[in-house]
Amino acid sequence: MYNFKEVEEKWQKKWEKDGTFNAKDDYTMPKWFGLIEFPYPSGQGLHVGHPRSYTALDIVARKRRMQGYNVLYPIGFDAFGLPAENYAIKNHIHPKITTEQNIAHFKNQLKSIGFSFDWSREINTTDPDYYKWTQWIFIQLFKKGLAYKATMPINFCTGCKVGLANEEVVNGVCERCGSPVVQKEKSQWMLKITEYAQRLIDDLDDVDFLDKIKAQQKNWIGRSEGADVKFKIKGTDDSLLVYTTRPDTLFGATYMVVAPEHDFIEKHKDMIENLDEVKAYQEKAAMKSDFERSELNKEKTGVEIKGIKAINPINNKEIPIWISDYVLITYGTGAIMAVPAHDERDYEFAKKFGLDIIPVIERPAEDQTEGAYTGDGIMINSDFLNGIDNKKESIEKVINYLEKEGIGERKVNYKLRDWVFSRQRYWGEPIPMVYCEDCGWVPVPEEELPLKLPEIEDYEPGENGESPLAKQTDWIKTKCPHCGKDARRETDTMPQWAGSSWYYLRYMDAHNDKEFASKEALEYWSPVDWYNGGMEHTTLHLLYSRFWHKFLYDIGKVPTKEPYQKRTSHGMILGENGEKMSKSKGNVVNPDDIVREFGADSFRVYEMFMGPFDQTAPWSMESIRGCSKFLDRVWCLQDIMVDGDEYSKEFESMMHKAVKKVSKDIEEMKFNTSVSTFMTMVNEFTKAKKINKKEYETFLQLLNPFAPHITEEIWQRLGHTDELAYRKWPEYDEAKTLDEMIDLPIQVNGKLRANIDIMKDASNDEVKTQVHNCEKIKSYIEGKEIVKEIYVPNRIYNIVIK
RNA sequence: GCAGAUAUGGCGGAACUGGUAGACGCACAGGACUUAAAAUCCUGCGGACUAAUAAUCCGUCCCGGUUCGAUUCCGGGUAUCUGCACCA
């Protein structure tokens with residue numbers, strides 16, 4: 001009987017001792033760099049979801065080694081983050097200690113599954129030798145003007161009196177104490193990702209990401225084309241600028257709206273007749289949290305700004321200006337022209353407040369719906385646009401007019417906003433900046449990096465949403481690196497996204513203390529050839545790291561425009577009840593239990609077999625037994641093995657087919673069908689009660705990336721002294737993937753009626769004769785008129801009768 | 001509301017470029033081995049009608065279309081999941 005425990009330990013020890021899977025420094029070999037998202041070492045240990053992604057790329061990595069590539073398949077830990085800090089607050093244990101413990105636990109778990117990671121390049125984002133370079137990159141961003149201070153709202157818990165991360169705000173209340181969370185203004189570091197918006201869209205054309213991932217990136221960046229239009233304020237020289245994607249509907253603009261935070265109010269307060277009412281509305285809006293604003297989206301609110309009118313520049317009509325929180329200060333110009341006839345939000349608002357609704361696009365007769373008409377149609381009530389029924393053309397005409405008259409211009413806008421980079425937290429990279437009364441913000445000199453996180457004992461966030469570091473008076477006090485005067489350090493830390501925005505680069509040269517990676521290493525290993533991770537990281541993490549990479553490219557530090565050549569994603573693993581695994585639902589599966597009971601190979605094979613790799617799949621304790629049984633049967637093939645240096649006639653085509661199928665499946669991540677191919681093969685060999693040595697060897701090699709331990713063991717028992725891990729990947733002969741005899745289905749009027757055996761590539765006439773000689777078919781076509789006969793060679797034969 | 005995805009037996013799922021729907025696995029049923037159980041091995045397993053492993057019919061979310069032939073392509077709809085959400 002197969003003893004997986006003994007065998008798996010034996011090989012894992014050997015691999016560790018020999019450094020079998022460490023990437024080589026031979027830069028003349030073809031390279032392959034496979035990347036999985038490095039885990040956050042949580043106290044709960046590895047989730048069964050992690051190994052799904054790791055096994056998948058492990059299979060690819062192992063196949064690449066067999067194909068002669070120098071493979072880099074690294075691992076590390078993204079160890080800054082909230083859970084460790086919250087644990088520290090509760091239990092007064094330094095996050096460093098819990099992080100170390102958790103990492104040790106994770107390593108044991110990962111090693112027990114037999115991944116072919118290069119452990120010699122292990123990284124940890126909380127290691128000062130690592131975050132030194134995270135800080136260094138920040139300083140470069142600052143030097144290029146891409147990092148700046150701005151006043152931005154933070155989530156502030158009214159109960160705990162501390163700033164909260166977005167994850168800690170659940171349904172608008174504090175996750176810990178349940179008190180309401182409000183927005184509080186605070187000066188914070190920002191990164192100008194918006195400067196890269198267009199390139200982050202354009203360069204997607206050059207990479208091989210799944211379409212849905214590209215779509216998500218584009219969606220998040222949210223590019224839109226339109227125009228900025230100036231509306232004159234009656235009786236002044238001033239005007240109000242709006243952004244619109246529908247300049248074609250300008251004739252239908254019947255009022256304007258400014259966001260509550262818009263400075264228009266302050267500027268024109270002398271003219272406003274109902275200033276008190278307007279101010280009251282502004283205050284009320286400021287009190288609302290983001291959550292409330294979006295939650296209360298049913299009923300629109302607003303106040304007319306009395307005493308001021310705007311002029312629609314295209315028809316010189318006088319229109320009112322309103323203030324409402326359905327207009328966002330953060331997008332466009334913070335003010336809009338409202339076209340209630342053709343915009344749902346404006347329509348709703350206009351209906352509620354009795355404002356004019358002038359249609360400028362004819363609604364098709366068959367459209368019986370009420371409300372705003374947002375579709376295409378013939379222009380009406382629009383002077384020089386009347387009669388045009390092409391949206392693009394109308395937009396062009398209007399923009400040309402606006403530009404000619406100097407009242408507007410073509411404009412592209414993005415939903416993407418600059419990245420709020422400050423966190424009022426302890427367990428993160430300190431932002432290496434010093435504030436000097438005279439010199440302003442000055443970066444810590446590069447030779448002084450890393451700026452180490454001070455050891456502290458009180459992890460409670462400071463009052464008013466300050467970072468816990470704000471209480472470290474000794475640490476804060478410093479000299480200005482520029483003028484030498486007394487100065488103070490920044491006390492905010494970086495978000496968890498920081499360390500993961502560039503970690504793949506560090507793997508290329510993990511122990512370099514002069515640079516984040518040497519030029520040679522970067523040139524050899526870049527870009528990452530294949531990056532797999534969860535869908536939950538395909539927007540922010542991917543976008544942030546692409547942004548940092550492009551920046552590093554611009555300053556000449558990396559050789560490629562894009563960090564990742566290919567990006568795929570895996571589906572989530574759900575609990576047995578089909579729900580997301582969670583402690584509260586009691587459906588969490590611990591990988592340790594699985595490895596102990598069934599072994600690492602069974603675990604790996606099951607995770608690949610459970611369903612299509614990119615789709616969610618529920619866990620099943622019963623199904624994994626089948627995979628374990630399958631491996632036992634693979635082991636037992638040793639008992640029926642016979643000699644043979646070539647494939648036997650009996651199994652030749654099956655072997656060639658299998659090599660073809662598995663080779664292709666791995667590239668397409670169709671691991672589940674590869675596993676069923678293996679199972680079918682074992683069934684065939686078992687049924688025949690024999691397998692020859694050559695067939696067994698090929699089979700083991702194909703299976704090795706999936707189940708590395710058992711296959712290495714059998715390989716050794718077959719008398720080999722080398723390791724399967726570096727044997728050449730098997731090849732196949734296309735001609736031999738076809739059977740000599742084909743079981744040809746015959747249809748009559750598209751319905752299957754019989755099967756006949758034909759020789760492969762038999763001539764059409766031969767096949768026709770055979771078909772017409774078939775007794776069963778005769779009975780169907782007897783006395784009927786044959787209209788047509790279709791023969792798809794080696795595939796199917798269809799007779800159409802009347 | 002917007003974007004993306006999914007829908008096939010009791011269950012997870014398979015099906016090349018439009019060509020035998022249900023591979024492979026699980027569960028279940030029957031049998032062999034055993035004092036017995038577990039493990040293992042063998043057989044069956046979409047539904048209807050059947051004595052039948054004879055024949056026939058139905059069947060891939062629903063309605064319609066293209067085709068000799070549709071799970072696959074086209075049009076329309078329903079349901080579920082995921083992400084974003086007043087982005088003008």
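Proteins come first, then strands; the chains are lettered A, B, ... in the order of their sequence lines, and each starts at number 1.
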Minimal non-hydrogen separation, A:V662 against A:S674, with atom names
CA-OG, 3.8 Å
Would you measure the distance from the P atom in B:A21 across to the matching atom in B:A55 and give it in whole Å?
15 Å
Please name the nucleotide paired to B:C73 by Watson-Crick or G-U wobble geometry with both distances under 3.5 Å, or report none.
B:G65
Under the ring-ring contact (aromatic ring centres under 6.0 Å, His included) criterion, do A:F630 and A:F609 qualify, and how do the steps go?
CA-CA 12 Å; A:F630 157 70; A:F609 184 58; 8.5 Å; no
Would you call A:D632 and A:K629 a salt bridge, using N to O less than 4.0 angstrom?
no
Who does B:A48 pair with, Watson-Crick or G-U, both distances under 3.5 Å?
B:U56
Heavy-atom nearest nucleotide on RNA chain B taken for A:P618 and for A:L744; more 5' hit belongs to A:P618
If we take the P atom in both B:U82 and B:G69, what is their distance in whole Å?
40 Å
For A:D614 and B:G4, give me the distance from atom CG to atom C1', rounded to whole Å.
12 Å
Within the pair A:R795 and B:C16, is there a side-chain N or O less than 4.0 Å away from OP1 or OP2?
no
Sticking with atom P, work out how far B:G46 lies from B:G22, rounded to a whole angstrom.
10 Å
Using a 4.0 Å heavy-atom cut-off, does A:T244 contact any base of the nucleic acid, only the sugar-phosphate backbone, or nothing at all?
sugar-phosphate
Could you tell me whether the side chain of A:D248 and the main chain of A:S394 form a donor-acceptor pair under 3.5 Å?
no
Base, sugar-phosphate, or nothing for A:T677, non-hydrogen atoms under 4.0 angstrom?
nothing
Starting at CD of A:Q217 and ending at C1' of B:C2, how long is that distance when rounded to a whole Å?
18 Å
Here's a test of your reading of the structure: between A:M572 and A:R633, which maps to the more 5' nucleotide of RNA chain B?
A:R633
Under 4.0 Å from OP1 or OP2 of B:C58: is there any side-chain N or O of A:K751 that close?
yes
Can you tell me which residue among A:Y196, A:W497, A:W220 is in a ring pair (Phe, Tyr, Trp, His ring centres under 6.0 Å) with A:Y544?
A:W497
Counting any heavy atom closer than 4.0 Å, what does A:D632 reach on the DNA or RNA strands: base, sugar-phosphate only, or nothing?
nothing
May I have the distance from A:R52 (atom CZ) to B:G12 (atom P), rounded to whole angstrom?
14 Å
Answer for the Watson-Crick or wobble partner of B:C33, both distances under 3.5 Å, is none
B:C24, B:A88, B:U40: which one has an atom nearest the side-chain heavy atoms of A:T680?
B:C24
Write down the distance between CG (A:N683) and P (B:U40), rounded to a whole number of angstrom.
14 Å
C1' gap between B:U35 and B:C49, integer Å:
45 Å
Among B:G69, B:U20, B:A88, the one nearest any side-chain atom of A:D343 is B:A88
What contact category does A:N219 fall into here, base, sugar-phosphate, or nothing, at under 4.0 angstrom with non-hydrogen atoms?
sugar-phosphate
Sugar-phosphate only, base, or nothing, as touched by A:K776 at under 4.0 Å among non-hydrogen atoms
sugar-phosphate
Choosing from B:C86, B:C16, B:G4, which nucleotide comes nearest the side chain of A:Y326?
B:C86
Please pick, from B:C84, B:C24, B:C41, the nucleotide with the shortest atom-to-atom distance to any side-chain atom of A:W220.
B:C84
Look at all strands and tell whether A:K629 reaches a base, only sugar-phosphate, or nothing, counting heavy atoms closer than 4.0 Å.
sugar-phosphate
Check this for me, if you would: do A:K660 and A:E734 make a salt bridge, where the nitrogen-to-carboxylate-oxygen distance has to be below 4.0 angstrom?
yes
So, does A:S224 get its side chain near the phosphate of B:A88, meaning an N or O under 4.0 Å from OP1 or OP2?
yes
If we take the P atom in both B:A48 and B:C33, what is their distance in whole Å?
33 Å
Could you give the distance separating B:C61 and B:A38 at their C1' atoms, to the nearest angstrom?
42 Å
When you measure from the side chain of A:V792, which nucleotide among B:A88, B:A14, B:G19 comes out closest?
B:G19
Base, sugar-phosphate or nothing for A:K415? Non-hydrogen atoms, less than 4.0 Å.
base
Whole-Å gap separating C1' (B:C26) and CZ (A:F598):
12 Å
Under 4.0 Å from OP1 or OP2 of B:C68: is there any side-chain N or O of A:K788 that close?
yes
Could you check B:G9 for me: syn (within 90° of 0) or anti?
syn
Please work out if A:R753 contacts a base, only the sugar-phosphate, or nothing of the nucleic acid, heavy-atom cut-off 4.0 Å.
sugar-phosphate
In terms of the angle between their ring planes, are A:F4 and A:Y2 parallel, tilted or perpendicular, with boundaries placed at 30° and 60°?
tilted
Measuring from the side chain of A:S623 (C-beta onward, heavy atoms only), which nucleotide among B:U20, B:C26, B:A15 has the closest atom?
B:C26
Expressed in angstrom and rounded to an integer, what is the separation of A:F630 atom CZ from B:C41 atom P?
13 Å
So, A:F353 versus A:Y255, ring centres under 6.0 angstrom or not?
no
How far, in whole Å, is B:C2 from B:G77 if one measures between their P atoms?
12 Å
Under 4.0 Å: is that the gap between some side-chain N or O of A:N672 and OP1 or OP2 of B:G25?
no
If you only use heavy atoms from C-beta on, which nucleotide in B:C24, B:U6, B:U20 is closest to the side chain of A:M679?
B:C24
Taking NZ in A:K284 as the centre, count heavy atoms belonging to other residues, nucleotides or ligands within less than 6.0 Å. Is the count above 12?
no
Between B:G4, B:A14, B:A88, which nucleotide gets closest to the side-chain atoms of A:P612?
B:A14
Who pairs with B:G83 - Watson-Crick or G-U, where each distance is under 3.5 Å:
B:C2
Rounded distance in Å - CD1 (A:I796) to P (B:C16)
14 Å
Might you point out which heavy atoms bring A:V800 and A:N749 nearest each other, and give the distance in Å?
CA-OD1, 3.3 Å
Quick one: label A:K670 by what it contacts on the DNA or RNA (base, sugar-phosphate, nothing), any heavy atom closer than 4.0 Å.
sugar-phosphate
Separation of B:U17 atom C1' from A:E668 atom CD, nearest Å, is 13 Å
If pairing requires Watson-Crick or G-U wobble contacts with both distances under 3.5 Å, which nucleotide is the partner of B:G25?
B:C11
P atoms of B:G25 and B:A14, separation to the nearest Å:
15 Å
Check every strand shown and say whether A:Q747 touches a base, only sugar-phosphate, or nothing at a heavy-atom separation below 4.0 Å.
base
